[in-house]
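Here's the structure we're looking at; comments come further down.
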Protein chains: 2
Amino acid sequence: MATMTAEQRRAEAKAEFDAYMETCPTSRLMAVLGNKWTTTLLNRLADHGTMRHAELARSVPGISAKMLTQSLRALERDGLVTRHVTAAVPVQVDYTLTVLGETLIPIVATVRAWADRHMPDVEAARGRYDGARAGEAVPSPRDR
Amino acid sequence: MATMTAEQRRAEAKAEFDAYMETCPTSRLMAVLGNKWTTTLLNRLADHGTMRHAELARSVPGISAKMLTQSLRALERDGLVTRHVTAAVPVQVDYTLTVLGETLIPIVATVRAWADRHMPDVEAARGRYDGARAGEAVPSPRDR
DNA sequence: CTGTATCCCATACGATACTG
DNA sequence: CAGTATCGTATGGGATACAG
């Protein structure tokens, strides 16, 4: 059908892209860690060990119930956390890092260390870039 | 006005979120690295040193001209790469990592090392999870 | 060669409301 | 308590065409 053309085009493009991305584990990992709450959740679990749903919710300000569940599901699917249900009057669900998940913690810690040290520089660069583009003087104190 | 309510709600929510995210450099960094082409471009520049626009385009299969420019602009804004224009008959634009950008390379390398070693495990976990949910028996490590 | 402008789709994220 | 369902918006990302 003629209506297939556009969709087909997109399918091809996606296939082409995936063919490349398939060979790039780094990108695939970043797609996981790049999600808004992933690193935060991993860090909380690393710090507190096993945690309940509500406990995590309290521990991570701003996260919605939906995103909490969704993010944890994704991590479970990726084999990074386990989900344990305890049948009780109020159901109790515990989340824990898997051994695989634990191996990821030092990596996140490394990233965190760089972020703590250098993100201010990045923010400053953004300010300079945006300020300069906004027509404001402030050309460039120190770049490169 | 009544029409402000929804928009105002969202503004508050965003403010609340930003207030938290502002305190979390790691999340902000991940938002950068999580973009589809960021790590790939950083790696290419780290490997080849200064590169031209077209050179990068050839070096990164599947990237569109738009995303190449857009990604590089973002990196420039963040102070991670410099953009140097050489006025000539066909304009020539070179991109290079800044010193700040170079400090990020070891971090990316660390991430890459984990990804190379453990992403297959993640993929396997996904296969198991999806296979089990699909109603197919095959709860075992070998499906297909 | 390098970059911009449009258009459009897919998805991430959030608010709200509702089940076991 | 934990989770699902539905809805809505914002943004990332790609195709195409055009311009300096």
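Proteins get letters first, then strands, A, B, ... in listed order; numbering begins at 1 in each.
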Inset, instruction - Mind grabbing the angle between the end helix axes of the helix from dC1(C)-dG20(D) to dG20(C)-dC1(D)? Five pairs an end, 10° rounding. - result: 40°
Between atom [atom1] in [X] and atom [atom2] in [N], what is the gap in whole Å?
{"X": "L68(A)", "N": "dG3(D)", "atom1": "CG", "atom2": "C1'", "answer": "10 Å"}
{"X": "Q70(A)", "N": "dC13(C)", "atom1": "CD", "atom2": "P", "answer": "7 Å"}
{"X": "M67(B)", "N": "dG3(C)", "atom1": "CE", "atom2": "C1'", "answer": "14 Å"}
{"X": "H84(A)", "N": "dA2(D)", "atom1": "NE2", "atom2": "C1'", "answer": "16 Å"}
{"X": "M30(B)", "N": "dA12(C)", "atom1": "CE", "atom2": "P", "answer": "15 Å"}
{"X": "K36(A)", "N": "dG14(C)", "atom1": "NZ", "atom2": "C1'", "answer": "8 Å"}
{"X": "L72(B)", "N": "dT2(C)", "atom1": "CG", "atom2": "C1'", "answer": "11 Å"}
{"X": "D94(B)", "N": "dC1(C)", "atom1": "CG", "atom2": "C1'", "answer": "12 Å"}

Inset, instruction - Write out all pairs satisfying salt bridge (Lys or Arg N to Asp or Glu O under 4.0 Å) with one or both partners inside residues 52-68 of chain A, taking only residues at least two apart or from two chains. - result: none
Inset, instruction - Would you please name every residue forming a side-chain contact (heavy atoms from CB on, under 4.5 Å) with V89(A), sequence neighbours left out? - result: none
Are any protein N/O atoms closer than 3.5 Å to N/O atoms in nucleotides 4-6 of chain D? If there are, list each pair with its distance.
unit_1, atom_1, unit_2, atom_2, d
dT4(D), OP1, R73(A), NH2, 3.3

Legend entry - Single-linkage hydrophobic cluster V32(B)~W37(A), side-chain heavy atoms < 4.5 angstrom: no
Inset, instruction - Output the single nucleotide from dT2(C), dG3(D), dG14(C) whose closest atom is nearest the side chain of V93(A). - result: dG3(D)
Legend entry - Beyond-backbone contact of L42(A) with L33(A), side-chain heavy atoms, under 4.5 angstrom: yes
Legend entry - Note, M51(A) side chain near S59(A) side chain (heavy atom, < 4.5 Å): yes
Let me check something: any side-chain donor-acceptor pairs from residues 98-116 of chain A under 3.5 Å, sequence neighbours excluded? List them with distances.
unit_1, atom_1, unit_2, atom_2, d
T98(A), OG1, G79(A), O, 2.7
T98(A), OG1, L80(A), O, 3.2
T98(A), OG1, L100(A), N, 3.3
T98(A), OG1, G101(A), N, 2.9
T103(A), OG1, L100(A), O, 2.5
T103(A), OG1, W114(B), NE1, 3.0
T110(A), OG1, P106(A), O, 2.9
W114(A), NE1, T103(B), O, 3.4
W114(A), NE1, T103(B), OG1, 2.9

Listed by chain and number, what are the side chain to side chain donor-acceptor pair (under 3.5 Å) partners of [X], not counting sequence neighbours?
{"X": "T50(A)", "value": "T96(A)"}
{"X": "S64(B)", "value": "none"}
{"X": "N35(A)", "value": "none"}

Inset, instruction - Check each residue of residues 50-58 of chain B for a non-hydrogen atom within less than 4.0 Å of any atom in DNA chain C, then write out the ones that pass by number, or none. - result: R52(B), H53(B), A54(B)
Inset, instruction - Name all pairs fulfilling the side-chain hydrogen bond (donor to acceptor under 3.5 Å, both in side chains) condition that reach into residues 70-80 of chain A, sequence neighbours left out, sorted by first residue then second. - result: R77(A)-D130(B), D78(A)-R126(B)
Legend entry - All pairs passing ring pair (Phe, Tyr, Trp, His ring centres under 6.0 Å) where residues 46-102 of chain A contributes a residue, at least two apart: none
Inset, instruction - Assign each of S64(A) and R83(B) to its nearest nucleotide of DNA chain C by heavy atoms, then name whichever residue's nucleotide is nearer the 5' end. - result: R83(B)
Inset, instruction - Taking only the side-chain nitrogens and oxygens of Y95(A), find out if one of them lies under 4.0 Å from OP1 or OP2 of dC1(D). - result: no
